[in-house]
Amino acid sequence: MSDRIADIEALRQRQNFAAERMRAQPTQVLVCAGTGCLAGGSLRIYERLIELCRERGLQVQVSLREHVDHPDIGVKKSGCNGFCELGPLVRIDPQGWLYTKVRPEDCEEIVSQSIVKGELIERLIYENNPAYAAQYDIPFYAKQTRVVLRDCGHINAEDIEEYLALGGYGAFADALGMRGEEICKIVGDAGLRGRGGGGYPTGRKWEQVRAQREPIRYVVCNGDEGDPGAFMDRSIMEGNPHCVIEGMLIAGRAVGAQKGYIYVRAEYPLAVERLHNAVDQARAYGLLGADILGSGFDFDIVINQGAGAFVCGEGSAMTASIEGNRGMPRVKPPRTVEAGLFGKLTVLNNVETFATVPLIVRNGAQWFASIGTQTSPGTKAFALTGNVRNTGLIEVPMGTTLREVVFDIGGGIKDGHDFKAVQIGGPSGGCLTKEHLDMPLDFDSLKKAGAMIGSGGLVVMDEHTCMVEVARFFMNFTQNESCGKCVPCREGTKRMLEVLEKIVSGNGELSDLDMLLELADTISQTALCGLGKTAAGPVVSTLKYFRDEYLAHVVDKKCPTHVCTKLKRIYIDADRCKGCSKCARQCPVLAISGVIKQPFRIDPDKCIKCGACLTACPFGAIGEE
């Protein structure tokens, strides 16, 4: 059979044929091959499972593109399942069992027990009193609503046939029968807002491009994702790249564009590889290129790799980088929809936004609008990290409360500690505290609280986290990533970082707090691009909600959480010290002195607060405050 699909009818037949071949696999083993699980050795597990199955004479099919008659089992490399801390993960279908922390030495038992005999291996399932065998019975998954991430972890991420088997490219085929304004209206009626952080209505953006007379238009996908702790877009590109391509095809049809660009950071090598593979397969099937499905519609995609500049997540900086120029933002107007890539009309959305579009076209605007809130419909993917029991990639309806995310899905705070705050939206976002636990997570509610969804990074912090240091960390990141084009961001963030470093080193003054707010206001009002305007967000929100910690650093010269090294004081309790000298022998700067069998003492001017003496003392005579 030729790979190329001639028309829509042939596409429907190909989808049915692929679905039949997938159903012909009585057992499917999906080995998570997302970045996290690959780092844990999942590729060795995948290869070992195939080897063991073939040794037993089983007919193994690793791709639907392989025409294996009467396969006994399908063994596949899937995308990210989301529960990253429990990887490598292996899913057994049709039972839906999820095995966690699998090792290559477990493969023999998986083949002999689960594949051959169909028996559950209880020691490999998720155990949290009680144990859960089925993936979607685990509270981490049961509390989610996986829409965009639904197929990640359930299909071979490198096989277009598996995407077709689930109806892939069917929404695009439907869009080929619509006028551009009809597509824009469906997306607009669904209420889809950009998932990259700005939350601008997607349908309105597309219509602004479609309605203009300039004949040359481009579709650009932002896969840069530079926020610390964020990996939502990466997981979609790795686990289901064809849904992104299909979303871009629909956008191209809607606005009359003939070329698209995916801008993905080079630090995502697996995403780059799978995107290239998906684009090549789509071209071979006639789903990219000229006269797609015999419709007369031409559209192709180019993949650009970015060098990791955070500022290139901003639209005008990204288009400048694609053009081969230094990635720096420009003054607006004109906006990207008026003069974007190569000075032409440009639709620019992020990965998650494009991945959502085929689902809206397939299921209808009302279906999507029925999920989430009235002003923020649909779902949102978050990267849940930090001091929380269950870390990983999650997806919940807009309007889900912070409490549900942290305690129901995340399982609460690690080691029984207390919840303190969440940093949401990365360096451009802000902090949410205990008073926000029952606040819905949507665009408008977060804006009122002085935060933003951003791309979806969500870092949970416990009572041992220093919020002043958190602000300093994010300001250090922002300052390092400033492109330097405008004075407010280039100089303002540098001054703010200097003030924060002064505070955490114990040299802060009360006037520094007013200076931080004054600088923050100036930068947010005058910076050239959106990244600069939001750079001070973590500082402003921590000052608002944790001012007492700043005052402790400035007035009392103490860090309440004992995180800031220069504000620590390490001391020896004379009543408990036995004079054994072990602490003095471990001190790298000779700050401890004394006489054997008499209490030793620490010279505070020499002490570098390394903590070596704390570990060395066998009598618990050394403490810190």
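Every value quoted in this text rests on a predicted model; they were computed, and no experiment measured them. Heavy-atom basis, side chains included; hydrogens, waters and symmetry copies ignored. When a residue number appears, it is its place in the shown sequence, counting from 1.
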Assess whether a salt bridge exists between [X] and [Y], defined as any Lys/Arg side-chain N lying under 4.0 Å from an Asp/Glu carboxylate O.
{"X": "Glu395", "Y": "Arg150", "value": "no"}
{"X": "Asp462", "Y": "Lys420", "value": "no"}
{"X": "Lys494", "Y": "Glu491", "value": "no"}

* **Glu625/Arg569 under salt bridge (Lys or Arg N to Asp or Glu O under 4.0 Å): CA gap, chis, key distance, verdict** => CA-CA 5 Å; Glu625 60 180 15; Arg569 186 180 77 86; 2.5 Å; yes
I'd like to check [X] versus [Y] (side-chain heavy atoms, cut-off strictly below 4.5 Å). Are they in contact?
{"X": "Asp106", "Y": "Leu124", "answer": "yes"}
{"X": "Cys583", "Y": "Ile622", "answer": "yes"}
{"X": "Asn390", "Y": "Leu384", "answer": "no"}
{"X": "Val90", "Y": "Leu30", "answer": "no"}
{"X": "Met461", "Y": "Val422", "answer": "no"}

* Shortest non-hydrogen contact from Ala471 to Thr542? ->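 Heavy atoms of Ala471 and Thr542 come nearest at CB-OG1, 3.7 Å.
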Under a 3.5 Å threshold, yes or no: a donor from one side chain and an acceptor from the other, between [X] and [Y]?
{"X": "Asp573", "Y": "Tyr571", "value": "no"}
{"X": "Asn350", "Y": "Thr353", "value": "yes"}
{"X": "Asn222", "Y": "Asn349", "value": "no"}
{"X": "Thr401", "Y": "Glu404", "value": "yes"}
{"X": "Tyr268", "Y": "Thr35", "value": "no"}

* To do: Starting from the C-alpha separation in whole Å, work towards a yes-or-no answer on ring-ring contact (aromatic ring centres under 6.0 Å, His included) for Phe477 and Phe310.
  => CA-CA 9 Å; Phe477 176 87; Phe310 180 66; 5.1 Å; yes
Nearest 0.5 Å, please: how far is [atom2] in [Y] from [atom1] in [X]?
{"X": "Met475", "Y": "Leu500", "atom1": "CE", "atom2": "CG", "value": "6.5 Å"}
{"X": "Arg44", "Y": "Leu38", "atom1": "CZ", "atom2": "CG", "value": "10.5 Å"}
{"X": "Cys221", "Y": "Met318", "atom1": "SG", "atom2": "CE", "value": "8.0 Å"}
{"X": "Ile138", "Y": "Gln144", "atom1": "CD1", "atom2": "CD", "value": "10.5 Å"}
{"X": "Lys582", "Y": "Cys613", "atom1": "NZ", "atom2": "SG", "value": "14.0 Å"}
{"X": "Leu441", "Y": "Leu458", "atom1": "CG", "atom2": "CG", "value": "7.0 Å"}

Would you find more than 12 non-hydrogen atoms of other residues, nucleotides or ligands less than 6.0 Å from [X] atom [atom1]?
{"X": "Lys558", "atom1": "NZ", "result": "no"}
{"X": "Met439", "atom1": "CE", "result": "yes"}
{"X": "Glu122", "atom1": "CD", "result": "no"}
{"X": "Lys557", "atom1": "NZ", "result": "yes"}

* Given salt bridge (Lys or Arg N to Asp or Glu O under 4.0 Å), test Arg193 with Asp442 step by step and report yes or no. => CA-CA 11 Å; Arg193 297 172 66 171; Asp442 60 61; over 6 Å; no
* N/O donor-acceptor pair under 3.5 Å between Arg265 side chain and Ala309 backbone ->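 No; judged by distance alone, with no hydrogens or angles, the pair does not exist.
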* **Side-chain (Thr478) to main-chain (Phe474) donor-acceptor, under 3.5 angstrom** =>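 A pair under 3.5 Å: yes.
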* salt bridge (Lys or Arg N to Asp or Glu O under 4.0 Å) assessment of Lys502 paired with Glu498 -> CA-CA 6 Å; Lys502 178 182 173 185; Glu498 288 173 351; over 6 Å; no
* For Leu402 and Phe419, run side-chain contact (heavy atoms from CB on, under 4.5 Å): C-alpha distance rounded to whole Å, both residues' side-chain angles, the deciding distance at 0.1 Å, then the answer. => CA-CA 11 Å; Leu402 183 61; Phe419 171 84; 4.2 Å; yes
* To do: Taking the six-membered ring of Phe382 (Phe, Tyr or Trp), confirm whether the NZ or CZ of Lys380 is under 6.0 Å from its centre and within 45° of its axis.
  =>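 Judged by the rule (NZ or CZ under 6.0 Å from the ring centre, within 45° of its axis), Lys380 counts as positioned above Phe382.
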* Check the pair Phe140 / Tyr126 against ring-ring contact (aromatic ring centres under 6.0 Å, His included), numbers first and verdict last. => CA-CA 11 Å; Phe140 176 82; Tyr126 178 72; 8.6 Å; no
* Asked: In this structure, which one of Cys587, Cys580, Ser581 forms a side-chain contact (heavy atoms from CB on, under 4.5 Å) with Phe600?
  ->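 Testing Phe600 for a side-chain contact (heavy atoms from CB on, under 4.5 Å) against Cys587, Cys580, Ser581 leaves exactly one candidate, Ser581.
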* To do: Quick one: do Ile125 and Trp97 satisfy side-chain contact (heavy atoms from CB on, under 4.5 Å)? Show the steps, please.
  => CA-CA 8 Å; Ile125 65 174; Trp97 297 333; 5.6 Å; no
